[in-house]
Amino acid sequence: WAVYVVDIETGELLFVNRTLAGYYGKSPETFVGKTCWKVLMKNRKAPCTDCNNKEILDKTGQPLGVMVSEYNNKWLRRIFEVSHQAIKWSDGRLVKLTIATDITEKKQAAEALSESERKFRTLFNGNDDAIFVHRLKEKGFSKFVEVNDVACRRYGYTRSEFKQIGPDDLHTLKAKKWLARNVAKRADLITHGKIVSELEHVKKNGEIFPVEISSTLFDCHGEQMILSAARDITDRKMREKERDDAVKFTAEQEKYALVG
């Protein structure tokens, strides 16, 4: 903590601890007896316009209590959470006790996290695939904890509705049977961290469509989570069927030609 005590009326510094003095590369003694705004602020030619010396006293001049604020010291390039309180000094006069906690790294970390979350949200909702996030369970599936906008539009559920259901609620009976036969897929996910499967999904309105699901295992604050991207492969399946039908038709024509 950086601590200083200043005379409320004159602005004279009565006490400065080593932590505060250290920010300026000086010893505490060099500050005592000096005017606060002249030594704690850079290039100031007058008292601070936002000084709260009077705000910590009531109308009768008595202490109001602790006032807490956040202060960005551009000279030191540090951000502080500052508490101010009027107290009686040893000689009986009222002084301001200020205790400042350096929260620069905390603020920077919070801002970095916020920016990271913003970028993630942009990528999350800017993806063309439906994306689902849910916790890993030893058996079965847990409910969704997050989905993107595409999932809501494609499947017909609201985000709150999605959080009341899980992956198995999107699987058709055919998909459930396939998953039951291929339990090794879950082991592959845990071992390799990623799997790709083709299944059938069902929308809220009952419409069934084929999907390719890429599932990735990741850690979130010590908890194993699964992020799945479901791609609608209806068009791809139609093209594959058309190609297979064409190959089958050609083979049959060649067979008939040989017979004829």
Side-chain angles (χ1 to χ4, degrees), residues 106 109-245 247-248:
K106 180 181 177 181
E111 289 171 3
L113 178 60
S114 177
E115 177 64 12
S116 177
E117 289 177 346
R118 186 191 67 79
K119 290 180 178 178
F120 172 78
R121 183 62 56 185
T122 299
L123 292 171
F124 192 70
N125 286 316
N127 201 297
D128 291 334
D129 296 331
I131 298 180
F132 309 89
V133 178
H134 59 96
R135 295 178 177 84
L136 174 68
K137 286 180 66 177
E138 186 175 345
K139 292 182 179 180
F141 299 95
S142 61
K143 292 180 180 180
F144 296 120
V145 297
E146 188 57 274
V147 298
N148 69 350
D149 294 341
V150 174
C152 295
R153 291 196 301 269
R154 186 167 295 164
Y155 288 78
Y157 292 96
T158 64
R159 188 168 270 101
S160 60
E161 286 175 330
F162 260 125
K163 292 182 179 181
Q164 299 302 314
I165 63 175
D168 220 29
D169 295 292
L170 303 181
H171 296 151
T172 62
L173 180 59
K174 180 180 177 181
K176 291 176 181 179
K177 289 180 178 179
W178 184 91
L179 289 167
R181 292 194 305 269
N182 294 270
V183 291
K185 277 286 187 179
R186 181 179 290 268
D188 288 342
L189 176 62
I190 296 172
T191 302
H192 304 293
K194 185 174 183 178
I195 57 171
V196 178
S197 308
E198 287 189 11
L199 297 170
E200 283 185 345
H201 270 185
V202 59
K203 299 180 182 180
K204 185 179 180 180
N205 64 7
E207 180 185 341
I208 294 173
F209 66 107
V211 292
E212 179 184 80
I213 304 176
S214 298
S215 297
T216 303
L217 192 65
F218 71 100
D219 182 89
C220 180
H221 304 298
E223 189 171 18
Q224 292 287 285
M225 309 288 287
I226 299 174
L227 185 149
S228 296
R231 178 166 298 176
D232 186 340
I233 56 173
T234 302
D235 291 342
R236 191 175 86 189
K237 285 296 184 181
M238 289 178 62
R239 290 194 300 270
E240 289 176 355
K241 185 178 185 304
E242 289 172 356
R243 181 195 63 200
D244 292 343
D245 288 346
V247 170
K248 183 179 179 181

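We number each residue from 1, following the sequence as shown.
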Anything under 30° is parallel, anything over 60° is perpendicular, the rest tilted; go ahead and classify His171 against His201. tilted
Once you round to the nearest 0.5 Å, how far does CD1 of Ile213 lie from NZ of Lys185? 10.5 Å
To the closest 0.5 Å, what do you measure between CG (Leu136) and CD (Gln224)? 6.5 Å
Under a 4.5 Å cut-off applied to non-hydrogen side-chain atoms, are Lys194 and Leu217 in contact? no
Using a cut-off of 6.0 Å, state whether more than 12 heavy atoms not belonging to Arg186 lie near its atom CZ. yes
Within a strict 4.5 Å, meaning less than it, do heavy atoms of the Val196 and Glu212 side chains meet? yes
Step-by-step salt bridge (charged side-chain N to carboxylate O under 4.0 Å, His left out) determination, Arg243 to Glu240: CA-CA 5 Å; Arg243 181 195 63 200; Glu240 289 176 355; 5.3 Å; no
Please step through salt bridge (charged side-chain N to carboxylate O under 4.0 Å, His left out) for the pair Arg239 and Glu242, ending with a clear verdict. CA-CA 5 Å; Arg239 290 194 300 270; Glu242 289 172 356; over 6 Å; no
What's the shortest heavy-atom distance between Pro210 and Thr234, and which atoms? CD-OG1, 3.5 Å
Sorted by chain and number, sequence neighbours left out, salt bridge (Lys or Arg N to Asp or Glu O under 4.0 Å) with Glu223 holds for Arg135
If you draw a 6.0 Å radius around NZ in Lys177, do more than 12 non-hydrogen atoms from other residues or ligands fall strictly inside? no
Does the Lys NZ or Arg CZ of Arg236 fall within the cation-pi geometry relative to Phe209 - under 6.0 Å from the ring centre and within 45° of the axis? no
Taking only residues two or more places apart in sequence, or in another chain, which ones meet Ser114 in a side-chain hydrogen bond (donor to acceptor under 3.5 Å, both in side chains)? none
Report the distance from atom CH2 of Trp178 to atom OG1 of Thr172, rounding to the nearest 0.5 Å. 11.5 Å
With a sphere of 6.0 Å drawn around NZ of Lys106, does it hold more than 12 non-hydrogen atoms of other residues, nucleotides or ligands? no
Between Asp128 (side chain) and Val150 (backbone), is there a donor-acceptor pair under 3.5 Å? no
Heavy-atom side-chain proximity of Asp169 to Tyr155 below 4.5 angstrom: no
Given side chains that start at C-beta, do those of Ser228 and Ile131 come closer than 4.5 Å, heavy atoms only? no
May I ask you to test the Leu179-Phe141 pair for a side-chain heavy-atom distance under 4.5 Å? yes
What is the distance from atom CD1 of Ile165 to atom CZ of Phe132, rounded to the nearest 0.5 Å? 8.0 Å
I need the Leu189 CG to Thr216 OG1 distance, nearest 0.5 Å. 8.0 Å
Lys241/Asp245 ion pair, N-O < 4.0 Å: yes
Please round to the nearest 0.5 Å and tell me the distance separating atom CG of Leu227 and atom NE2 of His134. 9.0 Å
Restricting to pairs with a member in residues 140-164, which pass salt bridge (charged side-chain N to carboxylate O under 4.0 Å, His left out), not counting sequence neighbours? Arg121-Glu146, Glu146-Arg159, Asp149-Arg159, Glu161-Lys204
Looking only at heavy atoms, which two atoms of Asn148 and Ala151 are closest? And how far apart? OD1-N, 3.0 Å
Please examine the side chains of Met225 and Val145, heavy atoms only from C-beta on, and report whether any two atoms are closer than 4.5 Å. yes
Hey, do the aromatic rings of Phe144 and Tyr157 have their centres closer than 6.0 Å? no
